[in-house]
Amino acid sequence: MLLFDDYKKIMLDKIKTIYSVQDNDMELGTNFGDFTLKIFKFKDNREEVYSRIKSSMDMEFIDRVELQGNYINFYIKSSKMLDTVENSIGTFGKYPNTFQDTSKALIEHTSSNPTGPIHVGRIRNSIIGDSIFRIIERYGTRSLTQYFVNDSGKQVISLYLGHIKYHKDEEMTVENLLDGYQKIYTNIDSDPDIKREVQELDEKYETGDNELIKEIQNTASIVLKSITDSLAKLGIHISTYVWESNFIMYGNVAQLIDSLSEDLKSEGKAKYIEIGDKKIFLTRQDGTSLYFARDLVYHMFKSENFDWIIDVLGEDHKDHAKNLDYVLHNYLDFPSRIDYLFYGFVSLDTGKMSTRKGNIVTVNDLYEKTVEESAAIIKQKRPEYSKEEVDKISNAIAASSIRYNIIKINANKPLTFRWDEALNFEGDSAPYIMYAYARACSLISKTGNTESSTEEYNEFEKALIKAMYVYPYYLQNSVDFLRADIIAGYILYLVKSFNEFYLNCPIIGNSEENKRMRIVRAFKKIMEDSADLLGIQLLEKI
RNA sequence: GCCCGUGUGGGGUAAUUUGGAUAUCCUGAAGGCCUGCGGAGCCUUAGAUUCGGGUUCAAAUCCCGGCGCGGGCGCCA
């Protein structure tokens, strides 16, 4: 929960004692006042409504109240907004302050099958998950992230078998494993032996051959390591891992199927549950379990320790999630709050991404090219920087840029990856944001820390102060709708306000220096706070 | 075919939940600022709500239909 001087709420509460208005009748103003109240429902006597509301607005933070058409616009004193931000930072080290929630949240994200490098499509999952995790933490809810490692099923068995068949005496490197995996897939249709071997291993695996399960876990963990290395480059660190095989090893899947037995129907030996006119199978004819059953077990497991479960899923999982949710709530008394966050697929401008056709861009490729490109620009713009500085900055730009370009798009929209956009560092981009921060830092390093108690602010100063003050409203919204793109939009708005201020308000040596530096120092803090939510790495020099 | 989602300037994108003022911002195009505290900047101009109906004082937003696009319809995951 966020704690700050919520002027909107204070005004609304007061207005509610006079007239019946809804919370959403008042919103943040854009061009017309700091806050604005819709009074269409009072339009027959709006003059009277206006004058009664106006005279009730006797709070100290009110600058003025105006009637414009069917709206009442409220202007807040900039000095009060700046005080609010500064006091909170001074007292609590952050604006807004938070009240620590007692509940615990678990965000499951990425969970890519450990059968290949992570590409720019899958990374959308990780970036959304990690940003939502950071936002919820910031909001005051204790959270962890979790990667569900899918190490059962034919895909991972093929990875294991590929190594045995094609690279048996070689070291288990990621390259060898992926090569063997590809070979299994290209040969499985023409070679009945391979099909049979996969089948045999699968049955052995499912009946709980713990020796085999462990060997396959080891194999998968090598590819998994390469995935988490890619994530780490973007500043994404998973708190916990859960191996799907553990649920088979410890018999949880069998238990679940037992406990549901009254609700299950059979077709031969295969068991299914009926939802509407659909049959959702939990086990196969041979008794082995299916994804749906294992996912039920996994969710029940998550709910044992967490009050709030968030799953980040590709939109191809929509039906699955709907059915899962239905069974969890109607047959299993699922105790936790659960949210499913879906995201649209990422395609390339050359068409759909396809591992088999080789039409993919891996995160490692993208990262390397972005580092290269930004390093070239830094060398040109700042030839005096050392190699270490160039390295540090270009890595920060690459991680920030990749994250920002993906998170700024509303998750449920499809996204087309384009190299020229990924490598554009102007306008709505991470370097634009990082640069504004560096400018602010440069000013701070050149000025002293002096007091100022001016009440008068020009339009640029006012706009920037307001942009800082409204941060909690954006944060609240992004938590309410579990949307990280709202924060991206906010940061861009904040930075634009700063750049306009910077160009129009000279500071060093100016008579307004002390007043303006108060604003700059607050801006620096809000930037650090908000950029961190998206994993944008701010540097004092860029 | 059926089900779910989506459609905003040349390209991308916000506002759509909760109907409300002049539809945001970026890019690209045309022009401009600046011996400037860091130009990865700032300003100006032109340019958009898929089509048809409906509800409403008011529709990008809600409802119905068409068309386009994405996803799903496995004893795969």
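Chain naming here is simple, since letters A, B, ... match the order of the sequence lines and numbering starts at 1 in each.
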Lys NZ or Arg CZ of K271(A) over F281(A) ring: under 6.0 Å, within 45°: no

Face-on cation placement of K318(A) at F342(A) ring, 6.0 Å and 45° thresholds: yes

Aromatic ring proximity, centroids under 6.0 angstrom, F247(A) and F301(A): yes

Which residue lies more 5' along RNA chain B, comparing D485(A) with N412(A) via nearest heavy atoms: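 With D485(A) and N412(A) compared, the 5'-side residue is N412(A).
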
Earlier contact from the 5' end, RNA chain B, for S289(A) and K278(A): K278(A)

For D311(A), the option from H317(A), Q146(A), H299(A) that meets side chain to side chain donor-acceptor pair (under 3.5 Å):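 By the side chain to side chain donor-acceptor pair (under 3.5 Å) criterion, D311(A) pairs with just one of H317(A), Q146(A), H299(A): H299(A).
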
Geometric class of the H320(A)/Y291(A) ring pair [parallel <30°, tilted 30-60°, perpendicular >60°]: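 Y291(A) and H320(A): parallel rings.
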
Round to a whole Å and report the spacing from [atom1] of [X] to [atom2] of [N].
X: Q68(A); N: A21(B); atom1: CD; atom2: P; answer: 13 Å
X: N504(A); N: G36(B); atom1: CG; atom2: P; answer: 15 Å
X: F460(A); N: G41(B); atom1: CZ; atom2: P; answer: 18 Å
X: L494(A); N: A14(B); atom1: CG; atom2: C1'; answer: 17 Å
X: R124(A); N: G70(B); atom1: CZ; atom2: C1'; answer: 12 Å
X: E315(A); N: G70(B); atom1: CD; atom2: P; answer: 11 Å
X: E426(A); N: A29(B); atom1: CD; atom2: C1'; answer: 16 Å
X: K496(A); N: C43(B); atom1: NZ; atom2: C1'; answer: 10 Å

Between [M] and [N], how far apart are the [atom1] atoms? Round to whole Å, please.
N: G41(B); M: U18(B); atom1: C1'; value: 38 Å
N: G7(B); M: G66(B); atom1: C1'; value: 14 Å
N: C57(B); M: G10(B); atom1: P; value: 34 Å
N: C25(B); M: U45(B); atom1: P; value: 12 Å
N: C26(B); M: C64(B); atom1: P; value: 37 Å
N: U22(B); M: C3(B); atom1: P; value: 40 Å
N: A14(B); M: G71(B); atom1: C1'; value: 24 Å
N: G52(B); M: C67(B); atom1: P; value: 15 Å

State whether [X] places a side-chain N or O below 4.0 Å from either non-bridging phosphate oxygen (OP1 or OP2) of [N].
X: Y343(A); N: U6(B); value: no
X: R284(A); N: G74(B); value: no
X: K41(A); N: C57(B); value: no
X: K408(A); N: C26(B); value: no

Pairing partner of G74(B) (Watson-Crick or G-U wobble, both distances under 3.5 Å):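 Checking every strand shown, G74(B) finds no partner, since no pair has both distances under 3.5 Å.
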
Per [X] side chain, nearest of listed nucleotides [options]:
X: E421(A); options: A77(B), A14(B), G12(B); result: G12(B)
X: R483(A); options: C42(B), U17(B), C76(B); result: U17(B)
X: K413(A); options: G7(B), C75(B), G12(B); result: G7(B)
X: F481(A); options: U18(B), C57(B), A21(B); result: U18(B)
X: R418(A); options: C42(B), A15(B), G11(B); result: G11(B)
X: H317(A); options: A77(B), G41(B), U18(B); result: A77(B)
X: F32(A); options: C4(B), U17(B), A21(B); result: A21(B)
X: R294(A); options: G39(B), A15(B), A77(B); result: A77(B)
X: N499(A); options: A14(B), G41(B), C37(B); result: G41(B)
X: K318(A); options: U8(B), A77(B), C4(B); result: C4(B)

Just call it for [X]: base, sugar-phosphate, or nothing, with non-hydrogen atoms closer than 4.0 Å on any strand.
X: I393(A); result: nothing
X: F425(A); result: base
X: N510(A); result: nothing
X: Y272(A); result: nothing
X: N31(A); result: nothing
X: L282(A); result: nothing
X: E267(A); result: base
X: I280(A); result: nothing
X: C505(A); result: base
X: L492(A); result: sugar-phosphate
X: L443(A); result: base
X: D428(A); result: sugar-phosphate
X: T36(A); result: base
X: E500(A); result: sugar-phosphate

E315(A) side chain reached by F345(A) side chain, heavy atoms, under 4.5 Å: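 Sidechains of E315(A) and F345(A): in contact.
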
Centroid distance under 5.5 Å and plane angle under 30°, F345(A) vs G71(B):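 It does not: the two rings, one from F345(A) and one from G71(B), miss the stacking criterion.
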
Passing option when F35(A) is tested against Y473(A), Y75(A), F74(A) for ring-ring contact (aromatic ring centres under 6.0 Å, His included):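 The residue from Y473(A), Y75(A), F74(A) that satisfies ring-ring contact (aromatic ring centres under 6.0 Å, His included) with F35(A) turns out to be Y473(A).
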
Value rounded to 0.5 Å, distance of CG in L67(A) from CD1 in I53(A): 9.5 Å

Q199(A) vs E203(A), side chain to side chain contact (heavy atoms under 4.5 Å, CB included): CA-CA, chis, key distance, verdict: CA-CA 6 Å; Q199(A) 184 66 29; E203(A) 278 168 33; 3.2 Å; yes

Test ring pair (Phe, Tyr, Trp, His ring centres under 6.0 Å) applied to Y490(A) and Y471(A), step by step: CA-CA 8 Å; Y490(A) 171 73; Y471(A) 177 42; 5.1 Å; yes

Polar pair under 3.5 Å, donor/acceptor by atom type, side chain N73(A), base A21(B):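 Yes, the side chain and the base share a sub-3.5 Å donor-acceptor pair.
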
